[in-house]
Amino acid sequence: MPTQHRAIQSRQALIRSAAETFLEKGVPAAGMVEISRRARLSKGALYFHFTSKDDLTLAVRDTALDTLQRIEEGLIRSPQPIGIAVQDFAAELFARVEGDPVLRAGLRLRPETAPGLEITSLERRWYALFLDKAMTGGAGGASRSETEPRRTAQLLTSVVVGLLHLGYEDPAWWAEAALADVWTLLPAAPVAIPAPAGS
């Protein structure tokens, strides 16, 4: 196996090991020796790739952000109307969070440790994505008032963020069937909002 390929595999193993340890013990209690042992690599290999636990924590964050961006790109490229596209996005997000300890740990890092992944940043980020999708790829391409896409994006952002939090406590919230059930409760987005009486 070429040296460069082994180095990439070692780095990925260390990032995964750190994420698993962070999830079990928290970042402050996670030790570098424990992380290297869990990855079945030497302490020297660990310090070859990462100079400190802070450096390793940033690598977990960056890897989680890369994964999150790939999931978001799927939403952006989706030809589906906003409701279906966001449901597909949420299903992919929850499946990846449940199955990928690096993404799960990255999303659970404290804001001061991992700027860009704190919940307020995710809310703003997803609201902007959903709003853009609602404005450009709404159901049937029907023209909408200025407020309708905003309300739709706000509702969908609240649902996705809420389910993300609920799933940390009970992963059943992330199941496709649970997501489909929640989605059936969402109102269909009207084509236009009626003008208030007396306008």
Side-chain angles (χ1 to χ4, degrees), residues 15-30 57-78 80-134 137-139 147-190:
I15 291 170
R16 183 179 180 93
S17 174
E20 290 169 347
T21 306
F22 294 168
L23 287 167
E24 285 177 16
K25 297 186 171 195
V27 175
T57 303
L58 290 174
V60 169
R61 180 206 61 190
D62 292 345
T63 303
L65 270 172
D66 288 345
T67 300
L68 187 58
Q69 286 171 342
R70 285 193 303 277
I71 297 167
E72 291 167 347
E73 286 167 8
L75 170 75
I76 293 165
R77 288 190 312 269
S78 174
Q80 297 295 330
I82 179 70
I84 296 169
V86 173
Q87 182 179 3
D88 292 346
F89 164 81
E92 175 70 13
L93 173 67
F94 300 153
R96 293 295 292 272
V97 169
E98 189 169 25
D100 181 351
V102 177
L103 179 58
R104 192 167 56 254
L107 290 172
R108 307 263 328 197
L109 290 172
R110 299 180 55 81
E112 60 274 8
T113 307
L117 283 175
E118 68 272 9
I119 197 60
T120 54
S121 290
L122 290 176
E123 286 174 355
R124 285 191 304 267
R125 179 185 183 119
W126 291 341
Y127 172 76
L129 281 173
F130 300 166
L131 179 60
D132 185 59
K133 186 71 174 171
T147 55
E148 183 57 30
R150 293 183 193 292
R151 290 176 56 202
T152 299
Q154 288 169 343
L155 172 64
L156 294 173
T157 302
S158 298
V159 170
V160 172
V161 169
L163 289 173
L164 180 64
H165 280 292
L166 288 169
Y168 285 129
E169 298 301 319
D170 180 3
W173 284 103
W174 294 340
E176 282 192 48
L179 182 59
D181 286 346
V182 168
W183 237 254
T184 63
L185 299 173
L186 296 177

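All values reported here derive from a predicted model rather than from experimental measurement.
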- Message: Show the nearest heavy-atom pair for residues Arg104 and Val97, with the distance to one decimal.
- Response: NH1-O, 2.7 Å
- Task: Find out whether Lys133 and Val86 are in side-chain contact, i.e. whether some heavy atom of one side chain is under 4.5 Å from a heavy atom of the other.
- Result: no
- When every non-hydrogen atom of Val60 is compared with those of Ile15, the smallest separation belongs to CG2-O, 3.8 Å
- Message: Restricting to non-hydrogen atoms, name the atom on Ala19 and the atom on Pro101 that form the minimum distance, rounded to 0.1 Å.
- Response: CB-O, 3.5 Å
- Applying side chain to side chain contact (heavy atoms under 4.5 Å, CB included), run through Asp100 and Thr67 and close with a yes or a no. CA-CA 9 Å; Asp100 181 351; Thr67 300; 4.1 Å; yes
- Query: For the residue pair Ala180 and Gln87, what are the closest heavy atoms and their distance?
  - Reply: CA-NE2, 3.6 Å
- Is it true that a side-chain atom of Trp174 and a backbone atom of Leu163 form a donor plus acceptor pair closer than 3.5 Å? yes
- Heavy-atom closest contact (Phe94 atom, Val160 atom, distance): CZ-O, 3.7 Å
- Query: What are the two closest non-hydrogen atoms of Thr21 and Ala30, and how far apart are they?
  - Reply: CG2-CB, 3.5 Å
- Item | Test log, rule side chain to side chain contact (heavy atoms under 4.5 Å, CB included), inputs Arg96 and Arg70 | CA-CA 11 Å; Arg96 293 295 292 272; Arg70 285 193 303 277; 4.0 Å; yes
- Query: Given Leu75, which of Asp88, Leu129, Asp132 fulfils the side-chain contact (heavy atoms from CB on, under 4.5 Å) condition?
  - Reply: Leu129
- Yes or no on side chain to side chain contact (heavy atoms under 4.5 Å, CB included) for Tyr127 and Arg150, after CA distance, side-chain angles and deciding distance? CA-CA 8 Å; Tyr127 172 76; Arg150 293 183 193 292; 3.5 Å; yes
